[in-house]
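The block underneath contains the structure these notes are about, expressed in structure tokens.
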Amino acid sequence: MSRKVPEGWVEYTFGDVLDFKGGTQPPKETFLYEPTPGFVRLLQIRDFEHDEKPAYIPETVRSSRCTESDILIARYGASLGRVLRGKAGAYNVALVKIMLLKQDIEPNFVYYWLSSEIFQSHLRSVGNRSAQEGFNKLDLSPLPIFLPPLPEQRRIAEILSSVDDAIAATRAVIEQTRKVKQGVLERLLTKGIGHTRFKQTEIGEIPETWEVGRIGNIGEVMVGRQRSPSFTEGSDFAYLRVANVFDNLIDTSDVLKMKFTDGEVERYLLRAGDILLNEGQSLHLVGRNARYEGNPSACCFQNTLIRFRARESTDLDYAFALMQFLFFKGRFSEIATQTTSVAHLGSNRFAALLVPVPPLEEQREIGRLHNSLLETETLQKSQLDQSLLTKSALMSDLLTGRKRVTEALPMAAE
């Protein structure tokens, strides 16, 4: 559907003002090992990991060296459409470099336009023929792009960049809070609260009054129900799966349903306080866990998850602090088995894992301290979500000309 060109803006097509150039593929033998330092692979697009002094850069790849002004975009696969800026010292592999064909274009304005829903929705429509096919120049050439005068482009980019700076600062605070939380948990679950006498055990030094127990002794461990077309009896019932369970977060935006009999509902129904752990995942994410707090209500769980339900002798908050500690310490990945592409925690291995068991009163205090850290983290994440919403609204308004740069938001000088 055509849009009205804002006053003072000029309508072009992608092919009029932009072009792209693919990255150079390195020699085949480099794919036999871990990603060569210095290469920007498709799978690295989020983190942009690179080494300023790559161990080996083939001569055929040197033409793909990135600069900080480059704009790169993933052309195919699961990362289709992801946009990032270049970094000095890295080399573009399997990404597309955007080329500016006109002088009066601000690169940062183009960066935000490519990141916007305007462009991304177009990519989804032309790039879904297959994950590997992605898009090509013929797909993008007719796409309309409205460009304001250069000073307005620059000011729009400055505004959005300032929001990005705020978002980056909030993320840095969240990361620091996460590290503090991990440090506090490390101390609480190895040294306890106010102890001066310790003992050596199978899991290392712990307070003298603590015990060592198996996870299966302090709570009930159960794998969820398998999803299969052969299960046709019963009623449709909501269930959680691995795609819903993140670190201290249950995402309810995409909850599915399947048939459960009355007996299965009784067996697999979740209760508030149950802890759900990823049973099958990549090795570093296996055992990632979150606490079910009753949302969505009346919900079961699939066999991609393991449920831990604390016994009466185990404090619910302590149990969650313990699971969070074991995950970030890598204890779950240590006991997982690895198949070709998926690691499995295994309910039996999980239930047999040895853990510290403080007296109930101390469990409660540890759980309370952990909850206070979670509250701080939740507040910071809420601030981040608000910043992301602000950015989304600004992009929608500023990149379409619905809201113009005014005296309150003056244009950058030419």
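The first residue of the sequence shown is numbered 1, and numbering continues consecutively from there.
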Report the distance from atom [atom1] of [X] to atom [atom2] of [Y], rounding to the nearest 0.5 Å.
X      : Y      : atom1 : atom2 : result
Lys4   : Trp9   : NZ    : CH2   : 13.5 Å
Leu384 : Leu389 : CG    : CG    : 9.5 Å
Ser313 : Ile218 : OG    : CD1   : 8.0 Å
Phe332 : Leu345 : CZ    : CG    : 6.5 Å

Please give me the minimum heavy-atom distance between [X] and [Y], naming the atom from each residue.
X      : Y      : value
Pro356 : Leu322 : CD-CD1, 4.1 Å
Ala290 : Ile250 : CB-CG1, 3.7 Å
Ser297 : Tyr292 : CA-OH, 3.8 Å
Trp210 : Gly192 : CZ2-CA, 3.4 Å

Under the side chain to side chain contact (heavy atoms under 4.5 Å, CB included) rule, collect the residues that match up with [X], sequence neighbours excluded.
X      : answer
Leu360 : Asp315, Gln363, Arg364
Glu365 : Ile193, Arg368, Leu369
Ser116 : Trp113, Ile118, Phe119, Met395, Leu399
Asp104 : Lys102

Check for a donor-acceptor pair, side chain of [X] on one end and backbone N or O of [Y] on the other, with a separation under 3.5 Å.
X      : Y      : result
Arg214 : Ala352 : yes
Arg402 : Leu398 : no
Thr378 : Leu374 : yes
Gln302 : Thr304 : no
Thr13  : Leu143 : no
Arg349 : Ile335 : yes
His122 : Pro144 : no
Ser396 : Ser392 : no

Practice task
Could you note down all residue pairs passing salt bridge (charged side-chain N to carboxylate O under 4.0 Å, His left out) where residues 294-305 supplies at least one of them, sequence neighbours left out?
Solution key: none

Problem - Residue pairs involving residues 273-285 (criterion salt bridge (charged side-chain N to carboxylate O under 4.0 Å, His left out); sequence neighbours excluded) - result: Asp274-Arg309

Practice task
Taking ring pair (Phe, Tyr, Trp, His ring centres under 6.0 Å) as the test, write out the residues that go with Tyr12, two or more places apart.
Solution key: none

Practice task
Walk me through it: do Arg154 and Phe109 pass the test side chain to side chain contact (heavy atoms under 4.5 Å, CB included)?
Solution key: CA-CA 7 Å; Arg154 289 172 177 164; Phe109 179 88; over 6 Å; no

Exercise for the section: For the pair Arg404 and Glu7, evaluate side chain to side chain contact (heavy atoms under 4.5 Å, CB included) and give the outcome as yes or no after the intermediate values. Expected result: CA-CA 10 Å; Arg404 302 297 298 274; Glu7 183 179 353; 4.3 Å; yes

Can you check whether [X] reaches [Y] side chain to side chain, under 4.5 Å on heavy atoms?
X      : Y      : value
Glu205 : Thr190 : no
Ile105 : Leu147 : yes
Pro148 : Ile156 : yes
Ile71  : Arg85  : no
Glu152 : Pro149 : yes
Leu101 : Asp16  : no
Glu362 : Ile366 : yes
Val242 : Val245 : no

Exercise for the section: Please step through side chain to side chain contact (heavy atoms under 4.5 Å, CB included) for the pair Leu240 and Cys299, ending with a clear verdict. Expected result: CA-CA 7 Å; Leu240 297 179; Cys299 188; 3.6 Å; yes

Handout entry: Candidate pair Phe301 and Arg225, rule side chain to side chain contact (heavy atoms under 4.5 Å, CB included), full reasoning
Key = CA-CA 7 Å; Phe301 64 110; Arg225 213 211 67 184; over 6 Å; no

Verify the distance criterion only: is there a donor paired with an acceptor across the side chains of [X] and [Y] at less than 3.5 Å?
X      : Y      : result
Arg227 : Tyr239 : yes
Gln380 : Thr177 : yes
Tyr112 : Asp164 : yes

Quick one: list whatever passes side chain to side chain donor-acceptor pair (under 3.5 Å) with [X], sequence neighbours left out.
X      : answer
Lys181 : Gln324, Glu377
Asn295 : none
Asp19  : Lys137
Gln176 : none

Practice task
Could you go through the ring-ring contact (aromatic ring centres under 6.0 Å, His included) check for Phe328 and Phe325 one step at a time?
Solution key: CA-CA 5 Å; Phe328 89 73; Phe325 171 72; 5.5 Å; yes

Exercise for the section: Please determine if Lys329 and Glu334 form a salt bridge, counting it only when a charged side-chain N lies under 4.0 Å from a carboxylate O. Expected result: no

Handout entry: Ion pair Arg241/Asp254, N-O distance below 4.0 Å
Key = yes

Is it the case that over 12 heavy atoms from other parts of the model lie below 6.0 angstrom from the [atom1] atom of [X]?
X      : atom1 : result
Lys403 : NZ    : no
Asp236 : CG    : yes
Lys191 : NZ    : yes

Practice task
Test Glu220 against every option in Arg267, Arg307, Arg271 by the salt bridge (Lys or Arg N to Asp or Glu O under 4.0 Å) rule and name the one that passes.
Solution key: Arg307

Exercise for the section: Not counting sequence neighbours, which residues clear salt bridge (Lys or Arg N to Asp or Glu O under 4.0 Å) with Arg291? List them please. Expected result: Glu293, Asp317

